[in-house]
Structures are given as structure tokens and as C-alpha cells.
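Data first, discussion second: the structure below is written as C-alpha cells.
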Amino acid sequence: MGVYLLLYLQSSINNPFRYVREYVAKVVQSELRRLGFDVDFSDVYSTLEIPPDESLGDLAFPVFKIAKKFKQNPLTLASTVTFNIQQCKHVLVKRVKAVKGYVNFFINTAELAKILFESIRSLGENYGFVKVEKPLRIVVEHTSANPVHPLHIGHCRNAIIGDTLARLLKLRGHKVETRFYINDMGRQVATLVYGYTVLGKPKPKGKPDHYLGLIYAITNTIIEIDRLKSEIEKCKKSNEYEKVREKLRELDELISVASELRSRDRELFDKLAEKLKGRDHESEISRLMREYEFRESKETVETFREVCSLVIQGFKETLSKLGITFDKWDWESDIAWSGLVRKLIDLAKSRNLITLYKGALALNLKDVQEDPDVREKLKLPSFNIPPLILMRSDGTTLYTTRDVAYSLVKFENADKVINVIMNEQRLEQLQVRLALAALGYRRQAYNQIHYVYEIVKLPGFKMSGRKGRYITMDEAIEEAIVRARVEVDKRNPTLPARVREEIAKSVGLGALRYAMISVSATKPMIFEWDRVLSLEVNSGPYIQYAHARAVNILQKYGKPVDYDRIDYSAAEETQRRRRLVKLLSQMPEVFSRAADELKPEYIVEYLGKVAEEFNAFYTEDPVIGEPDEGKRNFKLALVEATRIVLRNSLNALGITAPERM
RNA sequence: GGGCCCGUAGCCUAGCCUGGAUAGGGCGCCGGCCUCCUAAGCCGGUGGUCCGGGGUUCAAAUCCCCGCGGGCCCGCCA
């Protein structure tokens with residue numbers, strides 16, 4: 001028992017269910033050892049599982065592996081172990097039963113409840129957030145949308161995933177830094193600058209990112225149309241009619257895009273079309289890019305910065321509505337201007353890694369791909385990744401090259417870097433890591449995680465910033481709040497307007513955040529208002545509602561819970577109470593796994609279960625009306641524990657827990 | 001052509017990494033429950049070739065191989 005006591009002191013107070021596992025694992029291990037089977041504690045611990053049906057038990061040890069290892073009949077072994085365990089008394093174990101090769105344990109829930117309540121009482125708003133022993137410095141780069149249009153619902157998924165990961169890691173005890181990469185050197189920003197300049201740099205009407213986004217989409221579409229038209233002429237001259245037909249179809253599509261855009265702001269569209277007429281777009285945009293990268297023109301530099309700053313101002317406004325902020329905003333151009341990109345190219349030269357690919361300066365990735373250590377650590381696919389082109393013929397650099405440099409910047413003060421970037425960029429992200437490895441930056445190559453998420457589609461089509469076809473994040477947020485407000489007004493017409501508005505915000509934003517992480521990131525998502533902004537079961541509001549009910553009971557009761565007069569036998573009286581006690585004790589485990597494996601959806605799933613159990617408990621087991629004082633105190637403590645678990649878990653996901661709704 | 005991701009009831013989704021006991025939820029549909037802590041709720045019913053076929057294993061939704069369907073990538077774009 002001395003060992004158990006020690007374990008109790010170590011882990012029970014902040015992680016009740018883990019303590020139960022350790023306790024049971026210890027019991028199993030010592031029985032097996034007594035029988036002459038030498039097994040590791042950690043093996044037994046990790047083999048324990050929760051039975052599919054609680055009538056089988058609360059925790060189970062399948063003996064199959066061990067039976068095989070020691071050449072025993074699994075059924076007999078399970079029975080023997082069970083019989084032996086039954087010979088001693090174990091505080092936390094109520095009953096043991098052997099079933100078809102499993103040793104099934106029934107937990108003494110009254111004892112578990114004691115530990116749980118003690119933990120809740122002493123930790124309160126920190127309950128569940130178990131810290132890692134060795135904190136890491138972790139950078140989470142996310143959102144990083146091109147500063148040429150407003151954030152749309154695709155970025156919304158990215159932002160919410162990234163922000164949630166950062167929250168989890170921070171609560172886990174890591175030192176987290178969030179970063180936004182401002183991709184201001186690409187062709188896209190140059191295109192916007194081009195359109196913005198020919199218009200005479202107009203002052204934005206309305207939200208700047210929305211206004212500039214429209215200018216960008218119009219400029220881009222007109223350029224594309226002009227390009228297609230000249231290509232069609234070329235093909236006609238060379239009698240390539242198949243191609244002509246194909247391009248005409250493309251042109252048709254673009255013209256309908258143009259008409260959509262024109263209907264959004266006729267005056268702006270016509271003016272832009274007028275100003276762009278007859279210009280050589282390609283060479284003007286290339287000139288702008290050159291002038292910016294090499295800082296050849298002060299005016300160009302200022303215009304690029306001005307345009308990006310305006311859009312970013314819009315980003316910040318949007319993100320702040322969801323409570324998302326960044327520690328650092330990194331300008332791609334700053335990295336290029338710092339000379340770091342140049343240094344990397346020199347490094348590649350000195351290491352003899354430069355090759356010519358398609359006539360351009362490129363990084364040889366052949367040797368690094370053959371390194372078995374690299375192959376394994378980077379999980380390389382079984383095909384050859386061609387050399388990475390570092391520079392255009394005109395001497396300007398490319399996105400991927402600058403991204404390699406940016407990786408080094410992110411790693412300056414970090415042990416690990418997590419990039420939340422869509423699936424489309426998988427190969428590019430792999431190339432970055434491969435390039436890092438080739439250049440000798442193994443630490444960076446191996447500790448950079450590409451956190452992949454799939455794009456968000458609209459029911460009919462794919463969103464496109466270039467075509468101006470998107471649902472903006474601002475619209476989504478607004479709509480979410482509006483929908484929630486309708487419900488709040490219906491249910492609580494007597495509350496002051498200010499309070500109703502606050503609840504509507506909490507519920508609407510909660511629904512949005514919950515929906516965005518309740519689907520695994522690698523699954524494509526189709527955005528439908530009714531699904532994303534659901535206010536029903538298995539939604540953010542469902543969880544919040546359970547929380548509000550818990551708060552309501554405690555408020556109605558009006559006094560603090562009396563933990564000294566609890567009749568713990570109440571814990572064993574109903575299945576519902578047992579389940580709640582077990583579930584609530586599991587929060588620390590669930591949270592830790594979610595943070596360590598970067599899977600916030602574990603918490604979503606867990607919250608669903610807790611809310612469901614609590615709602616059922618709420619309807620079938622009156623708390624305040626309980627006549628027996630000891631039992632009433634038990635129930636009150638259970639409600640308090642539920643309240644804290646729900647609130648803490650919601651907060652970990654960036655969702656607020658309203659006290660009433 | 002090559003590579004990566006996804007495929008679980010009419011629809012959405014968990015479980016897959018680390019194989020275990022009758023595959024969990026939700027939406028929808030059908031039927032019940034507010035003189036009692038907020039019905040954004042609860043209870044019951046309906047609905048499954050876990051894409052298909054092989055293999056490994058005492059045991060496969062889960063691991064391996066071969067296919068099928070959908071998405072994405074393979075640019076001196078980002």
C-alpha cells in the first residue's frame with residue numbers, strides 16, 4: 001500500500017482518472033509478477049482500456065498479449081488473475097470480474113469522487129490543465145492570408161485551428177508564440193498595388209480589406225481576360241482550334257465573374273477597366289515586384305506597405321472579434337531585405353548544392369533525399385522531388401526560397417514550429433523542410449510540423465480570392481451572432497438588451513468555433529450556415545447550455561458547497577452519477593492528449609459526452625430538492641465539478657461559458 | 001503518368017497512428033415528456049456490405065497488398 005500512497009500523492013490531485021489507471025495497473029502488475037510473469041508497469045498501464053459497455057466494468061485489462069507471451073490460455077489466465085485480486089481488499093476497486101479473457105474492474109466511485117472533488121476544490125479554474133514536465137518554446141504560425149482580400153471562411157478554419165492549438169499548448173505549460181506571415185512579395189500583392197495605383201490610390205470605402213479585396217479581384221479578372229484574349233488570338237493564328245475552344249470556355253467563365261464583380265460596385269469596376277485598358281499588365285507587375293524586392297523605388301515600396309497595412313488592419317479587426325491575436329506579424333519583405341535569403345543562396349553555393357534546373361538557379365535535393373535519416377524523419381514519399389528553383393531569371397526570389405529563410409527566423413527562439421497551412425501546400429512545405437535539411441539545418445527540418453487542414457468549400461463551388469468569390473469571415477461572424485440573438489430574444493425577452501447582446505455573442509461565436517474544430521482538420525469541409533451555426537445537440541451552444549444550467553442550480557442554491565458534509569455513498573446510487581464522476585475525472589487526461597497530439601477535437605468529443613450526461617442528470621435527479629443533506633451536498637459538488645470542467649474545457653477551445661442563456 | 005489526403009446509415013461525423021468484447025454521436029424521420037433547479041433539454045424508436053477484394057492475426061473499421069470513387073499537388077504562382 002505504501003507504493004499506492006506515493007502514487008496517490010503524485011498524480012491523484014491533478015489527474016484523478018490517471019490515478020485510477022495507475023492504481024489498477026499496479027494491482028494487475030503485482031498479481032502477474034506473483035504468478036511468475038515479469039511484466040512492465042508501463043505495458044500494463046497502456047494495455048488498460050475502457051470497456052465498450054459499462055455493465056462489463058469501468059476499466060479492463062485484456063490478457064491476450066501476456067497470455068501469448070508466456071504461452072498461457074487467456075481465459076484461464078484472466079480467471080486466475082481475477083481470483084487472486086479478489087483475495088485482497090483494494091480501496092479503489094469495488095469488484096473484479098473475468099470475462100472472456102478480460103479482467104474487468106469496477107471502480108469504487110465514492111472513492112474516486114473524493115479525489116475528484118478535492119482536485120476541483122484546490123485547482124478550480126486550473127483543473128484539467130496538467131503541465132508538461134519539460135516546457136518547449138513553440139511557434140504556431142497560422143492564418144497568414146495574402147493581404148489582398150478580406151479573410152474568408154477558409155481562413156476562419158485556419159485561424160480557429162491555429163488559435164486553438166496555441167491555447168492548448170500554452171495551457172499545457174509550453175512557451176508559445178503565435179506568428180502571422182505577411183506574404184507581401186508575391187504576384188498577388190503586386191497585382192493589387194497595380195490596380196490601386198492606376199486608380200489613383202483611392203481612400204477605402206468601408207472596411208479596407210473588403211474594399212481593396214474588390215479592387216484586387218477586379219484587377220485580376222481584367223488582367224486574366226486580357227491575357228486569355230491575346231492567347232486566343234495567338235492560337236487562332238496557328239490554327240489550334242481545339243485550344244481556342246477550350247480558352248473560349250475559360251473566357252466565358254471569367255466574363256461572368258467580371259459581371260458579378262461589376263454588380264458589386266459598378267463605378268469602381270468601370271473606372272478600373274478604363275484605366276487598365278491598353279496597358280502591358282505583365283511587364284508593369286513584374287516591374288513593381290522588382291522595384292519592391294530591390295527597393296528601387298521609394299514610392300513603390302511605400303505603396304506596397306500602405307496597401308498591405310490597410311488590409312491587415314481589416315484582418316486584425318476581424319480576428320479580434322473571435323478573440324484571436326498574434327504575438328508577431330512578420331513581413332516577408334523584411335526577411336528578403338535582411339539579406340537572409342541571399343545568405344542562404346551563398347550557403348547553398350558553398351556547399352556545392354547549386355544546380356541549374358530548367359535554366360534557373362536551383363537547389364539540388366537529390367543527395368538529401370537519399371539520406372535514410374532524412375527519409376524517415378520527414379516521411380518522404382516514394383518519388384523524386386526535383387531541384388527547388390531558388391531564383392527567377394530576373395534575379396527576384398521565389399516564395400518557397402523566402403519561406404525557407406522564414407523558417408530559420410521562426411526557429412531563432414523556438415524548439416518546435418507548427419505551421420497551420422492548407423493541404424494544397426503539402427509539397428511546398430515538404431520542400432522547405434528538405435531544403436533546410438540539405439543546407440544543414442537538421443534541427444529545424446525535423447522540428448517543423450506542417451499542420452494540414454483541408455479547404456472549406458461552398459456547396460456549389462470552391463472559393464476564390466482571385467475571383468472575389470467567397471463568404472467573408474466578417475459575414476460568418478455577423479450571421480452567427482444574429483442567429484444566436486434571435487434565440488436569446490425569444491427565450492429571455494426580459495433581460496436588458498446589453499446582457500442579451502453579450503449572450504448572443506458568446507453563443508454565436510461559440511457555435512462557430514465549435515463547428516470549425518469538431519471536424520478533423522484533414523477532412524474537407526462544406527460550409528453550410530445551418531450546420532456551422534447549429535444551436536442544437538452536439539453543438540457549441542448545447543455545451544454552453546449545460547454549463548448555464550449548472551450555474552443556475554448553484555445560483556439558486558445560493559450558498560457555497562459544503563465539502564465537509566458530503567455523503568459519498570450517494571456516488572454509487574445511480575449509473576448517471578457514477579458516469580459523471582468517472583467522466584469528470586478524465587478531463588486532465590483528455591486535455592493532455594489533445595494538447596500533446598495537437599487534436600482539439602478530442603476535447604470537443606469529451607465535452608459532448610459531459611454535457612450529455614449532465615443534461616440527463618439534470619432532468620432525472622433533482623439537486624436542490626434533495627432532502628438528505630449529505631446527498632444534496634454530494635450532488636451540489638458534482639454540479640460544481642461539472643460547471644468547472646465544462647467552463648475550463650470550453651475556455652481551452654477559446655469558447656466562453658455564459659452563466660445564463 | 002507519379003505522389004499525398006479522404007471514403008463509416010438518406011446527410012454530417014467519432015473511432016484508424018498505438019488491432020481487442022454487440023462500430024459511438026448528431027441531423028432527418030416516427031412516438032412520448034414542462035403544476036417540480038432554464039424544453040437551446042430529456043426518454044424511446046427508425047436506419048450500417050465500416051468503398052470492394054485478398055492477406056497477416058486467437059482477434060481487422062483499425063495493420064499490409066491489389067483495385068474503385070472523390071479531392072489536391074507535381075509552376076522561373078503563392
Side-chain angles (χ1 to χ4, degrees), chain A residues 46-47 49 51-53 56 60 62 64-65 67-68 74 99-102 104 144 146 148 183 185-189 332 357-362 379-386 389-400 402-403 422-428 430 452 454-455 457 462 465-466 484 487-488 490-492 507 511 518-520 522-526 528 530-531 534-546 548-557 597 601-602 604-605 608-609 611-612 614-626 635 639 660-661:
Chain A
S46 62
T47 306
E49 57 186 53
D53 187 325
L56 290 163
F64 305 103
K65 260 177 229 151
K68 190 170 188 183
V99 184
K100 292 195 284 186
Y102 292 82
N104 289 337
S144 300
N146 279 321
V148 291
N183 185 223
M185 291 191 72
R187 184 157 233 108
Q188 306 199 38
V189 173
E332 190 180 23
Y357 186 66
K358 296 183 182 174
L361 196 71
K379 295 199 180 81
L380 292 186
S382 52
F383 76 101
N384 238 357
I385 294 164
I389 294 178
L390 296 170
M391 218 185 243
R392 296 191 186 91
S393 309
D394 68 358
T396 56
T397 53
L398 283 130
Y399 172 77
T400 309
R402 299 188 296 260
D403 209 7
M422 59 180 167
N423 182 244
E424 277 177 11
Q425 292 210 38
R426 224 178 175 109
L427 182 61
E428 188 272 347
L430 187 59
V452 179
E454 264 291 351
I455 56 165
K457 285 183 186 168
K462 200 175 149 179
R466 298 176 196 218
E487 284 302 304
V488 175
K490 202 158 70 190
R491 288 158 209 278
N492 301 293
V507 171
S518 59
V519 178
S520 290
T522 49
K523 280 202 178 177
M525 179 183 272
I526 294 172
E528 280 165 292
D530 285 344
R531 192 169 300 152
S534 163
L535 306 176
E536 293 178 32
V537 175
N538 205 10
S539 71
Y542 174 79
I543 316 292
Q544 290 173 318
Y545 185 63
R549 285 175 132 187
V551 170
N552 190 52
I553 291 175
L554 296 165
Q555 272 175 1
K556 279 259 158 70
Y557 179 66
E597 293 178 31
E601 60 270 32
Y602 291 166
V604 168
E605 194 196 353
K609 280 193 218 156
E612 189 183 10
F614 179 73
N615 274 328
F617 166 80
Y618 182 95
T619 38
E620 71 192 33
D621 204 350
V623 176
I624 297 173
E626 168 62 54
K635 290 188 195 175
V639 174
R660 58 184 304 172
M661 56 189 277

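Order of the sequence lines sets the chain letters (A, B, ...), proteins ahead of strands, with each chain counted from 1.
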*Since syn is defined as within 90° of 0, does B/C17 count as syn or as anti?*
anti
_Separation between the C1' atoms of B/C6 and B/C33, rounded to whole Å_ = 41 Å
*Would one find a side-chain N or O of A/Tyr542 under 4.0 angstrom from OP1 or OP2 of B/A39?*
no
*Could you work out the separation of B/G71 and B/G25 based on their P atoms and round it to a whole Å?*
33 Å
*Separation of the P atoms in B/U18 and B/C63, to the nearest angstrom*: 9 Å
*Identify which nucleotide among B/G41, B/C37, B/C73 has an atom closest to any side-chain atom of A/Lys556, counting heavy atoms from C-beta outward.*
B/C37
*asked:* Any side-chain N or O of A/Arg549 below 4.0 angstrom from OP1/OP2 of B/A39?
replied: yes
*asked:* So, OP1 or OP2 of B/G75: does either fall under 4.0 Å of a side-chain N or O from A/Arg187?
replied: no
*Go through the N and O atoms of the side chain of A/Asn104 and the base of B/A21, and report whether any donor-acceptor pair is under 3.5 Å.*
yes
*Look at the side-chain N and O atoms of A/Ser520 and state whether any lies under 4.0 Å from the OP1 or OP2 oxygen of B/U13.*
no
_Base B/C76 paired with A/Ser393 side chain (donor-acceptor, <3.5 Å)_ = yes
*Of the candidate nucleotides B/C42, B/A39, B/U13, which contains the atom at the shortest distance from the side chain of A/Val519?*
B/U13
*Say you pick atom C1' in B/A60 and the same atom in B/G1; how far apart are they, in whole Å?*
33 Å
